[in-house]
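Following: one structure in structure tokens, then a few remarks.
In this chain, residues are counted from 1 in sequence order.
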Amino acid sequence: LETLSLQARRMPLQFRVGQYNVLAGYLGNNTEPWFLYGVDMSDERREQILKLHSQRRPDGTIVNAGWPAYVNGLLSEEEQAEVERINREHFSWDLRKHRLLSTIRNMD
């Protein structure tokens with residue numbers, strides 16, 4: 001240990017720090033109301049969707065549980081299909097994990 005300590009003092013240690021925002025699997029879905037990429041979304045319409053997403057009954061249970069319950073009546077079937085397509089092509093963990101590894105490997 002002492003020898004290692006002496007070597008460390010003679011040779012400065014270098015390292016790099018990187019940051020990459022990785023969404024948790026359950027949050028990293030384009031079907032979450034804070035994403036919905038692929039839809040031309042006005043602030044008003046997003047506000048309505050967020051309200052429906054968080055709406056609760058008096059007993060605390062969620063009124064519009066799960067996709068697409070909280071967008072029904074606010075997004076057309078075509079818009080819902082586009083959100084789902086983008087989710088499959090860009091948010092799927094099977095695809096994201098390779099991009100993440102590539103980004104980490106190329107940080108240096």
Margin query: Checking Ser92 against Arg88 for the side-chain hydrogen bond (donor to acceptor under 3.5 Å, both in side chains) test, could you report, in this order, the C-alpha distance in whole Å, the side-chain angles of both residues, the deciding distance, and whether it holds?
Written below: CA-CA 5 Å; Ser92 163; Arg88 280 189 310 276; over 6 Å; no
Notebook entry, point to check: Is the number of heavy atoms from other residues, nucleotides or ligands under 6.0 Å of Glu89 CD greater than 12?
Noted result: yes
Margin query: Which residue in the set Gln48, Gln80, Glu79 passes side chain to side chain contact (heavy atoms under 4.5 Å, CB included) when paired with Val71?
Written below: Gln80
Check: In Å and rounded to the nearest 0.5 Å, what is the NZ to CG distance from Lys51 to Leu74?
Finding: 11.0 Å
Checklist line | Interatomic distance, Leu50 atom CG to Glu32 atom CD [nearest 0.5 angstrom] | finding: 10.5 Å
Checklist line | Side-chain heavy-atom pair Glu82, Val39 within 4.5 angstrom cut-off | finding: no
Next item on the list: Could you check Glu78 against Arg85 for salt bridge (Lys or Arg N to Asp or Glu O under 4.0 Å), going step by step and ending with a plain yes or no?
Entry: CA-CA 10 Å; Glu78 292 80 14; Arg85 182 191 67 77; over 6 Å; no
Next item on the list: Tell me, with the steps shown, if Met41 and Leu36 meet side-chain contact (heavy atoms from CB on, under 4.5 Å).
Entry: CA-CA 8 Å; Met41 185 71 66; Leu36 302 176; 3.7 Å; yes
Checklist line | Backbone of Val63 reached by a side-chain donor or acceptor of Arg56 within 3.5 Å | finding: no
Check: Roughly how far apart are Asn30 CG and Phe91 CZ, rounded to 0.5 Å?
Finding: 4.0 Å
Notebook entry, point to check: Would a distance-only check, ignoring hydrogens and angles, find a side-chain to backbone donor-acceptor pair under 3.5 Å from Asn87 to Asn29?
Noted result: no
Note to self: Just checking Asp43: does its CG atom have more than 12 heavy atoms from other residues, nucleotides or ligands closer to it than 6.0 angstrom?
What the structure shows: no
Check: Just wondering, more than 12 heavy atoms not from Asp59 lying within 6.0 Å of its CG?
Finding: yes
Notebook entry, point to check: Taking the side chain from Asn106 and the backbone from Ser102, do they hold a donor-acceptor pair closer than 3.5 Å?
Noted result: yes
